Amino acid sequence: MMKRTALPSQTPVSGVPGRFRGPFARWPRGADAVLAAAMFLATVFLEEAPGDALRVRPITEVPVPVLLLYAVAAGALYRRRREPLAVLAVALAAWGPTLGSIYSTGGGFVIVALYSAGRYAADTRRSRLAAAAGFAAAITALVTDGLLHSSPWGDVGFGAVVMFVAWYIGRRLRLRAERRARRGEEQAAEARRIVAEERTHIARELHDVVAHRVSMMTVQAGAARMVAAQDPQEALDAMAAVEEAGRQALDELRHLLGVLRPDADRDRLGPQPRLADLHQLVEQVREAGLDVSVTGDVQAALPARVELSAYRIVQEALTNVLKHSGPRTRAEVRLSFESGGLTIEVLDDGRGAAVQSVSAGAHGGVPGHGIVGMRERALLLGGSLDAGPRPGGGFRLAAHLPTGGEPA
């Protein structure tokens with residue numbers, strides 16, 4: 001039938017941790033400014049010492065032209081998200097004049113720029129060629145610096161690996177972000193399709209309710225016309241019934257405004273299920289093996305649209321319990337009348353054979369029709385619907401349907 005899953009845009013279920021977002025995602029500009037400053041200070045004040053150690057050097061030992069090169073490279077890092085390839089070019093240009101000297105510590109700028117090129121450069125043929133050229137230039141500069149310093153080839157090779165890994169990590173993160181964005185777009189499109197489909201189905205059902213009332217009005221009006229001459233009082237009673245049915249039909253039509261119904265009239269006209277028919281539904285799911293109980297008044301007089309939506313919500317909720325939690329699950333349907341509307345609560349203990357599939361679907365699957373369709377029914381009546389796992393296991397669905405409210 002339909003999966004019991006939530007849309008990405010929904011409010012997360014209490015107790016379920018959200019996706020971690022570090023400072024570079026929360027405050028990108030501020031984080032890039034801090035990164036640029038940290039890289040500048042590290043490049044200026046740190047240099048290699050004998051024995052592969054680092055030492056702090058006074059700023060007075062760094063020539064002013066070299067300081068300017070460091071400042072330009074560091075300043076460019078602030079733009080690494082918007083213009084990653086230009087930043088890579090600036091970092092390489094600033095590193096070039098220092099190659100072979102004791103001030104050739106600007107390779108750190110190039111490593112960050114390579115990561116940024118992989119992470120933020122546009123995925124076009126021109127950008128890929130530019131990134132490849134930048135990577136080749138970085139390796140060439142690294143080899144040149146190693147030759148000028150007579151560095152061991154192992155150190156040069158390690159530096160080349162670091163540069164490649166920086167670019168590769170950036171590229172992998174970009175691909176992951178693109179896939180995540182595509183999944184979000186696909187889920188949003190699927191949700192829109194489900195909403196449109198469910199609105200069509202709801203429009204068809206409510207149309208059938210209105211058509212049934214109009215048919216009754218036609219019969220009552222015909223009867224009144226036939227007896228008007230012989231029994232005026234009976235004719236008046238019939239016309240009063242026509243008036244009441246007309247008011248109810250207009251009330252139903254008011255809730256159909258804004259819902260587009262295509263030409264797919266396969267369902268027959270006729271009265272739709274009501275809350276009084278819940279006992280038949282309960283018997284059906286009990287025969288399927290679900291232990292379900294109903295508490296509350298199912299005989300209360302409610303507008304037909306509310307009774308229809310309530311019945312469908314309970315039907316879908318019990319179907320989901322049977323499908324996802326298995327026939328050994330215990331479920332309870334609670335109906336209560338408060339705050340000018342009907343409140344429906346469907347609880348299950350989630351102890352059936354398929355309980356794990358619910359948890360998996362509710363936390364990362366593709367959204368199904370179940371929650372989306374039931375929520376759409378509630379919203380069209382001006383109500384609300386919440387659903388999510390219960391703290392002690394199982395699932396809880398709660399819907400509030402106003403009996404006289406405006407549709408959302």
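Predicted model, so just to flag it, every value in this text is computed and none were measured.
In the displayed structure, Arg128 atom CZ is contacted under 6.0 Å by more than 12 heavy atoms of other residues, nucleotides or ligands. Open room surrounds CZ on Arg126; 12 or fewer heavy atoms of other groups in view lie less than 6.0 Å from it.
Remark: the backbone N or O of Asp386 is not paired with any side-chain donor or acceptor of Arg375 at under 3.5 angstrom. A side-chain donor-acceptor contact under 3.5 Å links Glu307 to the backbone of Leu275.
Every residue two or more places apart in sequence or in another chain that forms a side chain to side chain contact (heavy atoms under 4.5 Å, CB included) with Glu178 is listed here: Asp123, Arg174, Leu175, Arg182. A search for side chain to side chain contact (heavy atoms under 4.5 Å, CB included) contacts involving Ala137 returns Leu92, not counting sequence neighbours. Looking at residues two or more places apart in sequence or on another chain, you find a side chain to side chain contact (heavy atoms under 4.5 Å, CB included) between Ala130 and Leu85. In this structure, the side chain to side chain contact (heavy atoms under 4.5 Å, CB included) partners of Ala74, at least two apart in sequence or on a different chain, are Phe40, Phe109.
Taking a cutoff of 4.0 Å between a charged side-chain nitrogen and a carboxylate oxygen, Asp32 and Arg80 qualify as a salt bridge. The existence of a salt bridge linking Glu283 and Arg286 is confirmed by a sub-4.0 Å separation between a basic side-chain nitrogen and an acidic carboxylate oxygen. The pair Arg193-Glu197 counts as a salt bridge, with a side-chain nitrogen and a carboxylate oxygen less than 4.0 angstrom apart. One finds a salt bridge joining Arg334 and Glu332 here, because a Lys/Arg side-chain nitrogen approaches an Asp/Glu carboxylate oxygen to under 4.0 Å.
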- Query: Under the side chain to side chain donor-acceptor pair (under 3.5 Å) criterion, do His400 and Thr343 qualify, and how do the steps go?
  - Reply: CA-CA 4 Å; His400 179 72; Thr343 298; 3.2 Å; yes
- Stepwise side chain to side chain contact (heavy atoms under 4.5 Å, CB included) check, Asp349 with Thr329: CA-CA 6 Å; Asp349 57 18; Thr329 305; 3.1 Å; yes
- Take Val112 and Val87 through the test side chain to side chain contact (heavy atoms under 4.5 Å, CB included) and record every step on the way to the result. CA-CA 10 Å; Val112 175; Val87 169; over 6 Å; no
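The side-chain heavy atoms of Arg179 and Arg183, taken from C-beta on, include a pair separated by under 4.5 Å. In this structure, the side chains of Val110 and Phe135 stay at 4.5 Å or more apart for every pair of heavy atoms. A 4.5 Å side-chain heavy-atom check between Arg82 and Arg79 finds at least one atom pair inside the cut-off. Looking at heavy atoms from C-beta onward, Ile371 lies in side-chain contact with Leu397 at the 4.5 angstrom threshold. The closest side-chain heavy-atom distance from Pro84 to Arg119 is not below 4.5 Å. Under the 4.5 Å side-chain criterion, counting only non-hydrogen atoms from C-beta, Leu88 is not in contact with Ser116. Counting heavy atoms from C-beta on, the side chains of Tyr115 and Leu173 come closer than 4.5 Å. Between Arg274 and Leu308, the closest side-chain pair of non-hydrogen atoms is not below 4.5 Å.
Across all non-hydrogen atoms, the minimal contact from Leu318 to Ala331 is CD2-CB, 4.3 Å. Of all the heavy atoms in Trp167 and Ala131, the pair that sits closest is NE1-CB, 4.5 Å. Nearest heavy-atom pair, Pro402 versus Gly382, reported as atom, atom and distance to 0.1 Å: CG-O, 3.4 Å. Residues Arg390 and Asp348 come closest through the heavy atom pair NH1-O, 3.0 Å. Nearest heavy atoms, Val372 versus Ala191: CG1-O, 4.4 Å. Listed here is the closest heavy atom pair of Thr43 and Arg57: O-NH2, 2.9 Å.
Within the structure, the salt bridge (charged side-chain N to carboxylate O under 4.0 Å, His left out) test picks out the following pairs touching residues 59-73 (sequence neighbours left out): Arg55-Glu61. The stretch residues 136-146 participates, sequence neighbours left out, in these side-chain hydrogen bond (donor to acceptor under 3.5 Å, both in side chains) pairs: Ser104-Asp145, Asp145-His149.
Atoms CZ and CG, from Arg377 and Leu385 in turn, are 11.5 Å apart once rounded to the nearest 0.5 Å. Annotation: the span from Met374 atom CE to Glu376 atom CD amounts to 12.5 Å, rounded to 0.5 Å. We find the CG-CG distance between Leu335 and Leu302 to be 9.5 Å, quoted to the nearest 0.5 Å. Arg330 CZ to Ser293 OG: the interatomic distance, rounded to the nearest 0.5 Å, is 4.5 Å.
A donor atom on one side chain and an acceptor atom on the other are found under 3.5 Å apart for Thr105 and Tyr70.
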